[in-house]
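Side-chain atoms are counted along with the backbone in the values below, which use heavy atoms only and exclude waters and symmetry mates.
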Amino acid sequence: MPYARVNELHRHIGESVTVRGWVTTTRSSGKIAFVVLRDGSGYLQAVFSKRDVPDATWARVAELSLETSVAVTGVVRADARATGGHELTATDVEVLGASPDFPISPKEHGSTFLFEHRHLWLRSRRQVAIAKVRNEVVQAIRDFFYERDFVLVDTPILTGSIGEEAGNLFSTDYFDLGKAYLAQTGQLYVEAAAAALGKVYCFGPTFRAEKSKTRRHLTEFWMVEPEVAWNDSDANMRLQEEFIAAIVARVLDRRLEELKELERDTAPLERVVGPFPRISYTDAVAKLNALGSDMEWGNDLGGDDETLLAREYDRPIFVYNYPKGVKAFYMKENPEDPRTVLNNDCLAPEGYGEIIGGSQREDDHDRLLARIVAQGLDPEAYRWYLDLRKYGTFVHSGFGLGVERTIAWICGNPHIRESIAFPRQIHRLYP
RNA sequence: UCCCGAGUAGCUCAGUUGGUUAGAGCAGCUGACUGUUAAUCAGCGGGUCGGGGGUUCGAGUCCCUCCUCGGGAGCCA
């Protein structure tokens, strides 16, 4: 008997096939039983009629419990009553792995319970849909850069020199060389690679030891960081807008079924086309003050301010040229207003907040050194980074996109933690 | 670290100004039912009320303390 995956069944109508998977739901009406299977490619309802199967088979069907792994054999039938459009008129079932007392019932559960059972929760329809959207987002990212002739450069996770400040980094002993830190960004390394390859990006996990307890933060999350030689801040924003629009369009094109499963209203996603509104930080402050916020020029935008501002628009927005004091040392000073730097954040609509932080980098050796010293950092640790400005310095820009934040936004999830299979949070290291 | 909230059955929760034997729905088990989509109907079992201490004739309920978890702030993607 040939094996088939659920998403191949349209090629087997009228044939007898065997499908292997896990029991998602069972319903019985005494003489007819419905068993819904999941095999990863889709869901399939197998229908057993007591009249048509041997007593021993019927007895096995009656005992099936949630998440039992089974091989079900039957004839494929197109049936409009079935979700997915196909049904199996089942003739046999073989239990491959029993599943007594599966902890997650189809009823409601609290988030603590579900994350404690994350390894099993991944099997639920919702989580399967999110995993597929994530896969699409990741593939869209890789294809976007590959098609534009970027080179992927994998940056180290263990690092000695440090991205911004040491306070929020995880550290570990590193042989005889003292402390090593888990990377919180690949950016500095990718700047070095940009001088070798022109257009590059890194894509991997990053770590923040900050004790964040919000719906927008994870301690381990994935970030994609392109870096482009000769791009100024303006070109950097154009790349970001093209990038985000491409990701959203790709998901709408290929994962509509999953978005439907997630009950995501796709209308706001369909509006995600460039150009995105651009507001200077200074204008943003004035606008926020007019909207009732009491924030003052010189402070960073808080979460509430970001939400307030983004709500004024129907697509992602850029806020650019922040005060130097609230931003990292490597951002290039704005020649037209030295109080500010040539950077931007991209704020997602619908209250999802910052999904990108980007900037043009300081390419002048002496100015960069001065910023490092002014921030109390050790210039020796940044010697190699300063070298990039000593040997053929170049205008360059880049940004970091938070993958889980982007997925949460596209899926319409209220919390970031469902966007990754096994989220690491301050109170969660299991499973 | 700070502010707010929660902890009662396997799960989600209710539990009144302190009152006698702590409840419901779902899940589980038993039975009925040939088209169910969280099926439905009938019946049955199920409790260290987060831990410790205190007040009281009497505490799930009030007080103190500790623990755990959730949300938010800060930090940022």
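Among B:G74, B:C69, B:C76, the nucleotide with an atom closest to any side-chain atom of A:Thr214 is B:G74. The side chain of A:Val47 lies closest to B:G35 when the candidates are B:A27, B:C75, B:G35. Listed candidates were B:U34, B:A77, B:A27. Nearest to the side chain of A:Ile32 is B:U34. Of all nucleotides listed (B:U12, B:A73, B:U34), B:U34 comes nearest to the side chain of A:Ser29. Closest to the A:Leu218 side chain, of the nucleotides B:A77, B:U34, B:C76, is B:A77.
As rounded to the nearest Å, B:A59 and B:G52 have P atoms that lie 14 Å from one another.
Going from atom CZ of A:Phe113 over to atom C1' of B:G7 covers 16 Å, rounded to whole Å. Here B:G74 presents its C1' atom at 10 Å from CZ of A:Arg216, a figure rounded to the nearest Å.
Contact check, A:His415 against B:G71: a side-chain N or O comes under 4.0 Å of OP1 or OP2. For B:A39, the OP1/OP2 oxygens have a side-chain nitrogen or oxygen of A:Arg27 closer than 4.0 Å. In this model, the phosphate group of B:C11 is not approached by any side-chain N or O of A:His109 to a distance below 4.0 Å at OP1 or OP2. Contact annotation: A:Arg417 reaches the phosphate of B:G71 (side-chain N/O to OP1 or OP2, under 4.0 Å). Close to B:G72, at under 4.0 Å from its OP1 or OP2, lies no side-chain N or O of A:Lys213.
Between the side chain of A:His427 and the base of B:C69, no donor-acceptor pair of N or O atoms lies under 3.5 Å. On a pure distance criterion of 3.5 Å, no polar donor-acceptor pair joins the side chain of A:Gln45 and the base of B:U37. A donor-acceptor contact under 3.5 Å is formed by the side chain of A:Ser212 with the base of B:C75. Interface remark: the A:Glu87 side chain does form a donor-acceptor pair with the B:G35 base, using a distance-only criterion of under 3.5 Å. The base of B:C76 is paired with the side chain of A:Arg405 by a donor and an acceptor separated by under 3.5 Å.
A:Glu354 and A:Arg216 are not joined by a salt bridge, as no carboxylate oxygen comes within less than 4.0 angstrom of a charged side-chain nitrogen. A salt bridge links A:Lys327 to A:Asp345: one of the charged nitrogens lies within less than 4.0 Å of a carboxylate oxygen. The existence of a salt bridge linking A:Arg371 and A:Glu362 is excluded, since no basic side-chain nitrogen approaches an acidic carboxylate oxygen closer than 4.0 Å. A salt bridge links A:Arg38 and A:Glu67; the closest N-O separation between the charged side-chain nitrogens and carboxylate oxygens is under 4.0 Å.
Pairing of B:G5, defined by two Watson-Crick or G-U wobble distances under 3.5 Å, is identified with B:C69. In this structure B:G46 sits in no base pair that meets the Watson-Crick or G-U test at under 3.5 Å. Pair assignment for B:U40 gives B:A32, based on Watson-Crick or G-U wobble hydrogen-bonding distances that are each under 3.5 Å. Of the nucleotides present, B:C11 is the one that pairs with B:G25 by Watson-Crick or G-U wobble criteria, both distances under 3.5 Å. Across all strands shown, B:C57 forms a Watson-Crick or G-U wobble pair with B:G19, both key distances being under 3.5 Å.
Partner A:Thr73 forms a side-chain hydrogen bond (donor to acceptor under 3.5 Å, both in side chains) with one of A:Thr57, A:Thr91, A:Asp92, A:Thr18 and no other, that one being A:Thr18. The only option from A:Glu350, A:Glu257, A:Glu270 that meets the salt bridge (Lys or Arg N to Asp or Glu O under 4.0 Å) definition with A:Arg264 turns out to be A:Glu350.
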